[in-house]
Amino acid sequence: MSGIAFTDVTRAFERKGGAFQALEPVTLHVPDGEFVAIVGPSGCGKTTLLRLAAGLDHPTTGSVMVGGRAVTGPGPDRAVVFQQFALLPWKTVRQNIGFGLKCRGMSDAEARPLVERYLATMRLEGHGDSYPHQLSGGMQQRVAIARSFILEPEVLLMDEPFGALDAQTRIEMQEELIRLTAGQRRTVLFITHSVEEATYLADRVVVMAGRPGSVREIVDVASLRKAERWAERPVEEVMELDSFIRIRTRLWRLLRSAGAHRDDAATHTLPIAS
Amino acid sequence: MTMDMLAKSDLRPVRRRRGPAVGPGARLTLLSAASIAFALGLWFALAASGLLPKMLLPSPWDVAQALVKNIGVPFAGATLQQHLLASLGRFSAGFALAVAVGVPVGLMMGWFAPFRHAFAPFFETFRFIAPLAWVPFAALWFGTGIGGPILIVFSGAFAACVINTYRGARMTDERLIEACRTLGAGNWRLIVDVLLPSALPSIMAGIRVAAALGWQSLIGAELIVASSGVGYLIVQGQGSVETPIVMAGMATIGFVGLLIDLGLRQIDARIGRGWRAGA
Ligand SMILES: Nc1ncnc2c1ncn2[C@@H]1O[C@H](COP(=O)(O)OP(=O)(O)OP(=O)(O)O)[C@@H](O)[C@H]1O
Ligand SMILES: [Mg+2]
């Protein structure tokens with residue numbers, strides 16, 4: 001039992017000249033084991049929502065529950081993959097991947113086989129003793145994913161994890177993620193700017209609108225994915241399917257109107273770069 | 001105290017120009033050498049001109065002679081090496097203590113707000129009290145034992161360690177702290193594995209400043225309390241109006257101070273060589 005439930009969540013930030021409403025009441029339920037992607041215009045509150053679930057931030061009003069318990073801070077049941085990797089520059093790839101295990105009091109000897117397994121899974125063999133700055137962006141992101149996955153969290157919170165990757169690495173990472181999440185049932189909240197990525201990965205895609213942030217529409221993909229066995233086919237093949245293209249186009253339309261909605265609002269509220 | 005001014009990193013803008021075979025680095029070294037040669041020359045000329053009596057300004061030659069002589073013949077009860085060794089021993093003890101206490105205190109201040117608020121007022125006040133002001137109490141509390149000089153070196157070096165560590169810790173990337181918290185890191189892990197390495201460049205800068213301040217304050221303290229040491233050598237030189245030996249002592253202090261700093265720079269360059277990208 002590890003669903004995420006946002007109920008009437010708002011978040012207002014203190015700003016000069018009063019509070020800035022980043023989220024208007026948002027209610028969103030991610031059932032146990034579901035993969036939900038969030039798309040929406042820049043600044044619409046996606047990261048804010050994810051940070052609330054991670055326990056790195058607290059709602060102004062409303063409640064955030066994970067696995068039936070109110071979120072009060074970061075916890076071992078939830079892992080976060082940040083857009084900027086946030087690896088420890090002074091630790092080797094091995095040490096970065098094993099960091100969470102060490103925090104749990106596991107000895108190096110105990111952690112070692114697990115770390116080696118994830119090095120292999122993420123195709124990082126031969127780089128275990130490198131430092132992050134010696135890796136490419138794609139490799140760094142794989143380390144960031146490995147250090148989260150190794151903890152076998154029930155909930156995965158990912159904020160544009162593949163945003164910095166080139167197209168090819170990105171596709172590889174998407175397939176990898178499907179593989180990794182298919183094994184164990186995991187609840188995933190996945191933020192992305194890519195409509196294709198959302199369609200390919202998610203059971204449901206949440207389209208958000210901005211200023212203040214709100215859920216505009218939720219698009220179901222799971223039934224099609226299951227019926228057409230997307231998970232077992234390569235990305236490029238899935239992307240050519242009519243069903244895929246239909247969903248993608250629908251999401252684009254929704255996003256476009258969400259963006260228009262935002263532009264209307266922007267005349268009332270000064271947009272500040274996020 | 002001058003630690004604020006001094007505690008900056010060694011990073012200089014790298015200028016790359018296409019040009020003559022002699023690179024800018026070599027040219028700058030040449031400039032330094034020329035400048036030293038010029039200063040020495042000026043000193044020689046001034047001393048040789050006879051404008052000032054020999055006692056007021058001994059020539060470099062006299063100083064060098066006094067220095068070499070003191071290596072073989074004891075002055076004020078000890079040879080130069082023995083004086084130096086005594087000074088270095090006291091310095092090392094006080095300096096090591098300042099680092100061993102100052103760095104953890106700085107980290108704690110960087111991490112725990114209550115700790116910060118509890119300690120900050122003391123540092124704000126104590127850092128204005130020159131280490132020499134502790135001499136009377138050092139003498140009263142410790143007599144002529146090793147404790148007095150250690151206290152004085154400690155009081156000179158401690159604040160620089162604390163303040164630079166604290167500042168470095170406060171500059172730690174918030175995103176790294178958050179990431180590690182989501183991975184389950186507690187306070188101890190965050191301090192040891194995130195704050196400390198992140199603050200390391202600042203800590204090393206602070207340690208270098210602390211070494212300089214500690215070394216200075218020790219010599220000052222020896223002017224008053226010690227019975228051996230380079231500071232003591234200088235006082236005895238003054239007493240017997242042996243100005244060349246006074247200057248030889250001064251030169252020794254400056255030169256050894258430089259060596260200490262060079263050594264610390266070497267350590268600084270070695271730490272984190274693997275992960276400090278490019279730097
Ligand atoms: N700590 C903060 N203080 C003040 N305002 C904030 C803070 N964090 C976020 N905001 C504001 O809240 C709004 C939502 O920010 P958020 O980072 O959640 O957007 P986002 O949807 O993740 O955008 P992007 O797609 O560009 O990452 C933005 O207008 C941002 O300026
Ligand atoms: Mg964001």
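By convention in this document, chain letters (A, B, ...) are assigned in the order of the sequence lines, proteins followed by strands, and residues within each chain are numbered from 1.
- Of the two parts of A:Arg104, neither the backbone nor the side chain holds a non-hydrogen atom closer than 4.5 Å to a non-hydrogen atom of chain B.
- For A:Arg147, the parts lying under 4.5 angstrom from a heavy atom of chain B are both the backbone and the side chain.
- Minimum interatomic distance between B:Arg189 and A:Cys103 (heavy atoms only, all atoms of both residues): CD-SG, 3.7 Å.
- In terms of heavy-atom pairs under 4.5 angstrom with chain B, the leader among A:Pro153, A:Pro89, A:Gly100, A:Ser130 is A:Pro89.
- To the nearest 0.5 Å, atoms CG (B:Leu183) and CD1 (A:Ile97) are separated by 11.5 Å.
- Of the atoms belonging to A:Leu87, it is backbone heavy atoms, and not side-chain ones, that fall under 4.5 Å from chain B.
- For A:Phe13, the CZ atom sits in a packed shell: over 12 heavy atoms of surrounding residues, nucleotides or ligands are nearer than 6.0 Å.
- In B:Asp173, the CG atom is crowded: over 12 heavy atoms of neighbouring residues, nucleotides or ligands sit closer than 6.0 Å.
- The two residues A:Ala86 and B:Ala179 have their closest heavy-atom pair at CB-CB, 3.7 Å.
- Taking all atoms of both residues into account, the shortest heavy-atom contact from B:Thr182 to A:Pro74 is CA-CB, 3.9 Å.
- Other residues, nucleotides and ligands contribute only 12 or fewer heavy atoms inside 6.0 Å of the CE atom of B:Met171.
- A:Trp90 places a side-chain N or O within donor-acceptor distance of the main-chain N or O of B:Asp193, the cut-off being under 3.5 Å.
- Only the side chain of A:Lys91 comes within less than 4.5 Å of a heavy atom of chain B; its backbone N, CA, C and O stay farther away.
- In this structure, chain B has no heavy atom under 4.5 Å from any part of A:Gln95.
- Atom CZ of B:Phe115 has more than 12 neighbouring heavy atoms from other residues, nucleotides or ligands inside a 6.0 Å radius.
- With a 4.5 angstrom heavy-atom cutoff, A:Pro76 does not touch chain B via any of its atoms.
- The local environment of CD in A:Glu14 is sparse, with at most 12 non-hydrogen atoms from other residues, nucleotides or ligands closer than 6.0 Å.
- Here the CG atom belonging to A:Leu56 is positioned 11.5 Å from the CD1 atom belonging to B:Ile177, to the nearest 0.5 angstrom.
- Heavy-atom neighbours of B:Trp134 CH2 from other residues, nucleotides or ligands within 6.0 Å: at or below the threshold of 12.
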